[in-house]
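Below is one structure, written out as structure tokens; the observations come after it.
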Amino acid sequence: MIGYICKYTPIEILESMGEEVERIEPEVASFNQADTLMHPNICSFAKGVLETALERDYEGIVLTTCCDSIRRVYDVLREKLPGRFIYMLDTPRITKDAGIRLYEKRIRDMIRAFEEFSGKTFDEGKFEALLREKNAAKEAAEKSKKYALRVGILGARANPNIHKILKEHQVDVAFDLTCTGIERKLIAEGGNVLNGYAAGLLGQFPCMRMETAANRDQMIQRYADSADGVIYHTVQFCDNYSYEYAWLKETLHRPLLLLETDHTKQSYGQILTRIEAFLESLQSSDDARRETAAKRKQEREGKTGMYVLGIDSGSTSTNAVIMDGKREIKAFSVVRTGAKSGESADRILKEVLEKAGLKREDISWIVSTGYGRVSIPFADENVTEISCHGRGAHYFNPKIRTILDIGGQDSKAIKLDERGEVTDFVMNDKCAAGTGRFLEAIARTLEVSIDELGPAALASKEEIEITSMCTVFAESEVISLIANNKEKADIANGICRAIANKSFSLLKRVGMEPDFMMTGGVAKNPGVIRAVEDKIQAKLYICPEPEIVGAVGAALYALERMDGAVG
């Protein structure tokens, strides 16, 4: 087995010599070896490649000169795996005739090196036959079934989970112009086969280091016209593509999702939530669907005997709402999630039914949302919390255009249009800084209850700056402040202001358009509310029970599904 990472790698050469090749797609649990052998701040993809290469029993690995991080991976692998075929293929930056001739020569050098390593011989006739076979298979694949929704992928190499999630949701990938999106012409008719092959390799959509990357903006615009939306993928600690995203956000006339991954197993949940929310926002732009729902609404009016349930399974609380056919809340309930989201969901189902005076069979449709939405077996379908918070916020106050949702372990800023549809959103990363868990940890350090923390902040008389949002470091700061006899009220206020600063950066990324609303359990904290309002210089709308906004949105989605069932 030969591993490779780049679309410019001549894998067909190795396949024609009888080798099995595999693109290295790291999804690791930790970077323990990579952090020791390289550096913690090296590109997380490069670290993931090193971890995977050291774990897997590859006979050889072919790398390309795409960046300094991969060059460092090559150096480490040469040292740690001396008996393997570890090869660095220097990819030309230029793509014109001179670059093609140079790459052909370098490919031939690689062939000779692998012949010497393996004892095998390269046969140009077998190679050309393989190219023709692959070309025919590619043409057949392009004629296969296409789905109604088309999404393109740009940026750094596409995490395989992106393709997996899109396929599971029956979304057609209109284009993949990342490091993994092989679109080369595999064979040139007549003449030097290897020269034509090298031209095909270099003729792919250019990565950022290639000479033709100067024209990426015009090429991206042309490709984007074929897609309903675009996912722009970046890798943690890789700066090149983040600059391009900032430019595209201003100029690309297509819905755009920024998705940063670190190639760890733990990132899958956030990738799934972000992509599902993005797809929901694309689907919600269907005017015909909205008009049909509006017509169905007339048929639903007055049907108070029809009930739906929305359930929001969060990391801290599980919230449920029963709504009738008139969009009126019949009952709601909030319970602590506990160790297992499925058990808390069963508990809240029983509780909210009792409050409403209903039985399970009285509920026509159940929609789940939140991080535990897929773990609720009795739900008929699930919708992301991004879309549900948008729908729920619009229900409580149609003037809302920007939502700040701070939950137990993540924070989100969501932008809505006048219909309550999500037009943009951002989420914090995997760190729990500034969330409910963060506040709970600080409250324990101050030896007060979480309910006392916010009111205490309102009594502050001295401004204290908390410099770190990391829970561990912030706790250390708080302990130092306590040792210096600082008042608990002043420390609590400093914590609230730190959360407001972090929230402000999220809100700026989606665009701060009034009116503003805050949702989630932290919206019950008056200290945080005051601090955020001071930072954004505007009032926050807080509904009577901010924890149920997502569950209300889920119930509204359930009603919408029943609207469709009426017809």
Side-chain angles (χ1 to χ4, degrees), residues 1-26 45-46 48-49 52-53 56-67 70 73-74 77 81 84-92 95 99-100 102-142 156-160 163 173 176-188 192-207 209-210:
M1 174 76 73
I2 305 295
Y4 75 101
I5 64 170
C6 177
K7 67 183 180 183
Y8 294 109
T9 309
I11 58 174
E12 290 80 14
I13 295 284
L14 299 166
E15 288 176 324
S16 72
M17 297 174 73
E19 292 294 329
E20 186 178 352
V21 297
E22 177 182 85
R23 190 169 67 206
I24 299 174
E25 297 290 4
F45 170 71
V49 169
T52 305
R56 297 289 303 275
D57 190 25
Y58 288 115
E59 181 185 12
I61 295 174
V62 179
L63 304 172
T64 55
T65 52
C66 56
C67 66
I70 295 301
V73 171
Y74 169 74
L77 289 177
L81 304 175
R84 313 280 180 89
F85 182 71
I86 309 298
Y87 197 86
M88 177 64 82
L89 184 61
D90 193 359
T91 310
T95 59
I100 293 169
L102 180 60
Y103 206 36
E104 179 193 351
K105 177 182 179 304
R106 290 174 179 171
I107 290 172
R108 290 187 183 276
D109 290 342
M110 187 200 77
I111 292 172
R112 284 191 289 273
F114 189 70
E115 285 178 330
E116 183 178 344
F117 170 82
S118 65
K120 297 180 180 181
T121 302
F122 174 67
D123 185 319
E124 193 164 301
K126 288 183 179 179
F127 171 62
E128 184 173 0
L130 176 66
L131 292 184
R132 294 186 182 281
E133 181 182 333
K134 278 199 165 189
N135 216 41
K138 180 183 176 184
E139 291 175 359
E142 289 173 350
R157 65 181 297 113
N159 186 299
H163 280 273
V173 177
D176 180 352
L177 303 183
T178 70
C179 309
T180 57
I182 297 178
E183 292 193 343
R184 61 188 183 238
K185 185 177 181 181
L186 291 173
I187 188 167
N192 183 337
V193 174
L194 269 179
N195 183 267
Y197 179 64
L201 289 171
L202 295 180
Q204 299 177 91
F205 185 83
C207 77
R209 68 178 291 274
M210 306 298 279

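Just so we're clear, the structure is a prediction, and the values are computed from it rather than from any experiment. The figures that follow rest on heavy atoms only: side chains count, while hydrogens, waters and symmetry mates do not.
Below 30°, between 30° and 60°, or above 60°: for Phe85 and Phe117 the angle between ring planes is between 30° and 60°, a tilted geometry.
Remark: side-chain polar atoms of Thr9 are not paired, donor with acceptor, to backbone N or O of Ile11 under 3.5 angstrom.
The aromatic ring centroids of Tyr197 and Phe127 lie less than 6.0 Å from each other.
For the pair Thr91 and Tyr103, the minimum side-chain heavy-atom distance is below 4.5 Å. The shortest distance between side-chain heavy atoms of Val62 and Leu14 falls below 4.5 Å.
The heavy-atom pair separating Met210 from Pro92 by the smallest distance is CE-O, 3.3 Å. Taking all atoms of both residues into account, the shortest heavy-atom contact from Ile107 to Ala198 is CD1-CB, 4.3 Å. Of all heavy-atom pairs between Pro10 and Leu201, the closest is CB-CD1, 4.1 Å. Scanning both residues, Arg84 and Arg56, for their nearest heavy atoms gives NH1-O, 4.2 Å. Nearest heavy atoms, Phe122 versus Ser16: CE1-OG, 3.7 Å. Shown here for Thr95 and Leu202, the closest heavy-atom pair between the two residues is CG2-O, 3.6 Å.
We find that Asp109 and Arg106 are not joined by a salt bridge, their nearest charged nitrogen and carboxylate oxygen being 4.0 Å or further apart. Salt-bridge check for Glu25 with Arg23: passed, with a basic side-chain N closer than 4.0 Å to an acidic carboxylate O. Remark: Lys134 engages Glu12 in a salt bridge, criterion side-chain N to carboxylate O under 4.0 Å. A salt bridge is defined here as a Lys NZ or Arg NE, NH1 or NH2 lying under 4.0 Å from an Asp or Glu carboxylate O, and Glu128 with Arg132 meets this definition.
To the nearest 0.5 Å, atoms CD (Glu22) and OG1 (Thr52) are separated by 9.5 Å.
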_Verdict with supporting geometry, Tyr4 and Thr64, side chain to side chain contact (heavy atoms under 4.5 Å, CB included)_ = CA-CA 9 Å; Tyr4 75 101; Thr64 55; over 6 Å; no
